[in-house]
Amino acid sequence: MRISLLRGDITEQQVDAVVNAANSGLLGGGGVDGAIHRRGGPAILAECELLRTRDYPDGLPTGQAVPTTAGELPARWVIHTVGPTYAQSADRSAQLADCYRSSLRVADELGAGSVAFPAISTGIYRYPLDEAARIALRTVRETPTDVADVRFVLFDDAALSAFEAAR
Ligand code: AR6
């Protein structure tokens, strides 16, 4: 597996699947979630609504992942996963690692050869970048998968530096 780190906007990635840092409601939000729904158009939300009513009436649990179409994005699929909100009082690293593992499992089920990840939980969910970067890279390296090309698409210099330092 080739792992690359780049600065950019995940909605522009030419990959089979982009991972969305969603929330359990699956109906959109801010950050990367907002950008994916905005750029991908209403087809993504329509599938999310169906998943929500049919499969996850109580919401998608933290650490799990589900696919939808990518709508108008260059990618074929969006894999929605729910990261943990950071808390100093509780170690939620296992849940963050689960997001990467579940997303790669879904990518394998889809037959996706290339996957772009954002830095899950490091925005609105406030996970410290350096810790999140270590967890993300370690988990992706240690997860058995047929995905050959994993890209971490980091939105700003701070995130890119944290991932480069953790590499
Ligand atoms: N491309 C790549 N990375 C991005 C982009 C983008 N277009 N936009 C933001 N980021 P966040 P979370 C980075 O807040 O912390 C939403 O409301 C951002 O700089 O998107 O997991 C959901 O609905 C940060 O490094 O996700 C949830 O309610 C990283 O993506 C909640 O936010 C993740 O930041 C999830 O919070």
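Atoms within a ligand are numbered from 1 in the order they appear, just like the ligands themselves. Small disclaimer: the values here were computed from a predicted structure and weren't measured.
Nearest protein heavy-atom neighbour of atom 24 (C) of ligand 1: Thr122 OG1, 3.3 Å. In terms of protein heavy atoms, atom 13 (C) of ligand 1 is closest to Phe155 CB, 3.8 Å. Here the protein heavy atom with the shortest distance to atom 27 (C) of ligand 1 is Tyr125 OH, 3.5 Å. Among all protein heavy atoms, the one lying closest to atom 32 (O) of ligand 1 is Ile124 CD1, 3.3 Å. Given atom 26 (O) of ligand 1, the protein heavy atom at minimum distance is Ala21 CB, 3.7 Å.
The Asn23 neighbourhood of ligand 1 comprises atoms 22 (C), 23 (O), 27 (C), 28 (O), with distances under 4.0 Å to a heavy atom of that residue. Distances below 4.0 Å separate heavy atoms of Ala35 from the following atoms of ligand 1: 7 (N). Taking every heavy atom of Asp33 and a limit of under 4.0 angstrom, the matching atoms of ligand 1 come to 22 (C), 23 (O). Atoms of ligand 1 found under 4.0 Å from any heavy atom of Ala119 (numbered from 1 in listed order, with element): 29 (C), 33 (C).
Inter-residue side-chain proximity for Leu96 and Glu131 is flagged as unmet; no heavy-atom pair is nearer than 4.5 Å. Side-chain contact between Val15 and Arg151: present, with at least one pair of heavy atoms (C-beta onward) separated by less than 4.5 Å. Looking only at side-chain heavy atoms (C-beta outward), Tyr86 and Pro128 come within less than 4.5 Å of each other.
Between Asp157 and Arg7 there is a salt bridge, since a side-chain N of the basic residue sits under 4.0 Å from a carboxylate O of the acidic one.
Which of Leu6, Val32, Asp9 comes nearest to atom 8 (N) of ligand 1 through a heavy atom is settled by distance: it is Val32.
Inclusion of Ile10 in the set of residues having an N or O under 3.5 Å from an N or O of ligand 1 is warranted. Taking distance alone, with nitrogen or oxygen atoms compared against 3.5 Å, Gly123 approaches ligand 1 more closely than that limit. Ligand 1 has no nitrogen or oxygen under 3.5 angstrom from a nitrogen or oxygen of Asp156. Below 3.5 Å of separation, one finds an N or O of Gly30 facing an N or O of ligand 1.
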Going by atom type alone, with no hydrogens or angles, which donor-acceptor pairs under 3.5 Å involve a side-chain atom of residues 28-52 and a protein atom two or more places apart or on another chain?
{"from": "Asp33", "atom 1": "OD1", "to": "Asn20", "atom 2": "ND2", "distance (Å)": "2.7"}
{"from": "Asp33", "atom 1": "OD2", "to": "Gly29", "atom 2": "N", "distance (Å)": "3.3"}
{"from": "Arg39", "atom 1": "NH1", "to": "Thr11", "atom 2": "OG1", "distance (Å)": "3.3"}
{"from": "Glu47", "atom 1": "OE1", "to": "Thr69", "atom 2": "N", "distance (Å)": "3.1"}
{"from": "Arg52", "atom 1": "NE", "to": "Tyr56", "atom 2": "O", "distance (Å)": "2.9"}
{"from": "Arg52", "atom 1": "NH1", "to": "Gly25", "atom 2": "O", "distance (Å)": "3.2"}
{"from": "Arg52", "atom 1": "NH2", "to": "Pro57", "atom 2": "O", "distance (Å)": "3.1"}

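Without hydrogens or angle criteria, Asp108 side chain to Asp146 main chain gives a donor-acceptor distance under 3.5 Å.
Ligand 1 has Ser121 within reach: a non-hydrogen atom of the residue lies less than 4.0 Å from it. Taking a 4.0 Å cut-off on heavy atoms, Thr11 fails to register as neighbouring ligand 1.
Phe117 and Phe152 have parallel rings, their planes meeting at less than 30° on a 0 to 90° scale where 60° marks the start of perpendicular.
Under the 3.5 Å distance criterion, with hydrogens and angles disregarded, a donor-acceptor pair is assigned to the side chains of Thr85 and Arg92.
To the nearest 0.5 Å, the span separating OG on Ser114 from CG on Asp16 amounts to 3.5 Å.
Taking Arg105 as the reference, nothing meets the salt bridge (Lys or Arg N to Asp or Glu O under 4.0 Å) condition, with sequence neighbours excluded.
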